[in-house]
J.: 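Here's a structure for you.
Start at 1 with the first residue, then count along the sequence. No experiment lies behind these values; they were computed from the predicted model shown.
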Amino acid sequence: MEIYAEFLTSEAFSRRDYGYFRALAAAALAAVGRPDDAAAAGSEACAIAVAARSGRTLAELSRLFERLRPWQTRPAVRDFGAELAAALIQAP
């Protein structure tokens with residue numbers, strides 16, 4: 001996780017790529033059992049994906065939400081799910 005924290009910055013990547021890599025970082029957070037951090041990173045990536053109209057990032061975020069199902073009662077995960085649902089409705 002340290003590599004993401006050190007090298008994944010909004011200054012190092014285009015906005016669209018930053019959102020995509022942030023979604024991948026969120027999946028890594030979910031994999032190591034940090035659902036609240038994963039949901040927060042997913043929410044950030046979701047906002048970027050909507051602004052950039054990035055279907056690729058939205059697809060990764062959908063996979064992330066599936067990984068977060070064991071923690072679906074946690075407020076951060078529920079909020080992320082609602083944001084993702086709204087984003088998918090808006091997606092072209």
J.: Which residue pairs satisfy the salt bridge (charged side-chain N to carboxylate O under 4.0 Å, His left out) criterion with at least one member in residues 42-51, sequence neighbours excluded?
T.: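 Every pair satisfying salt bridge (charged side-chain N to carboxylate O under 4.0 Å, His left out) with a residue in residues 42-51: R22-E44.
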J.: Looking at T57 and R16, what are the two nearest heavy atoms and their distance?
T.: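 It is OG1-O, 4.3 Å.
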J.: Would you give the length of the straight line joining atom OG of S14 to atom OH of Y20, rounded to the nearest 0.5 angstrom?
T.: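 Separation between the atoms: 12.5 Å.
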J.: If you group Ile, Leu, Val, Met, Phe, Trp and Tyr by side-chain heavy-atom gaps below 4.5 Å, do V50 and F21 land in one group?
T.: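 As far as the 4.5 Å side-chain criterion goes, F21 and V50 are not connected within one cluster.
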J.: Give, for atom CG of L58 and atom CD1 of I48, the distance between the pair rounded to the nearest 0.5 Å.
T.: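 The distance works out to 11.5 Å.
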J.: Roughly how far apart are L84 CG and I89 CD1, rounded to 0.5 Å?
T.: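 CD1 of I89 is found 10.0 Å from CG of L84.
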J.: Please enumerate all residues that pass side chain to side chain donor-acceptor pair (under 3.5 Å) together with R56, with sequence neighbours excluded.
T.: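 Side chain to side chain donor-acceptor pair (under 3.5 Å) list for R56, sorted by chain: D17.
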J.: Same hydrophobic cluster for L88 and L68, using side-chain heavy-atom links shorter than 4.5 Å among ILVMFWY?
T.: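 Result: yes, single cluster for both.
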J.: With sequence neighbours excluded, tell me which residues meet side chain to side chain donor-acceptor pair (under 3.5 Å) with E83.
T.: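 Counting only residues at least two positions away or on another chain, E83 forms a side chain to side chain donor-acceptor pair (under 3.5 Å) with S43.
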J.: Determine the minimum heavy-atom distance between G42 and L64, stating which atoms define it.
T.: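 Here G42 and L64 meet closest at CA-CD2, 3.9 Å.
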J.: Can you give me the closest heavy-atom contact between L61 and A23, atom names plus distance?
T.: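 Reported closest heavy-atom pair: CD2-CB, 3.7 Å.
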J.: For residues 69-82, which residue pairs qualify under salt bridge (charged side-chain N to carboxylate O under 4.0 Å, His left out), counting only residues two or more places apart or in two chains?
T.: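 Listed once each, the pairs are D36-R74, E66-R69.
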J.: Which atoms form the tightest heavy-atom contact between A45 and G19, and what is the distance?
T.: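 Shortest heavy-atom separation between A45 and G19 comes out as CB-O, 3.4 Å.
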J.: If I compare all heavy atoms of C46 with all of A87, which pair ends up nearest, and what's the gap?
T.: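 Scanning both residues completely, I find the closest heavy atoms to be SG-CB, 3.6 Å.
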J.: Under the rule for salt bridge (charged side-chain N to carboxylate O under 4.0 Å, His left out), what residues qualify as partners of R67, not counting sequence neighbours?
T.: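 By the salt bridge (charged side-chain N to carboxylate O under 4.0 Å, His left out) rule, R67 matches no residue at all.
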J.: Compare every heavy atom of W71 with every heavy atom of V77, then report the nearest pair and how far apart it is.
T.: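 Looks like CB-O, 3.5 Å.
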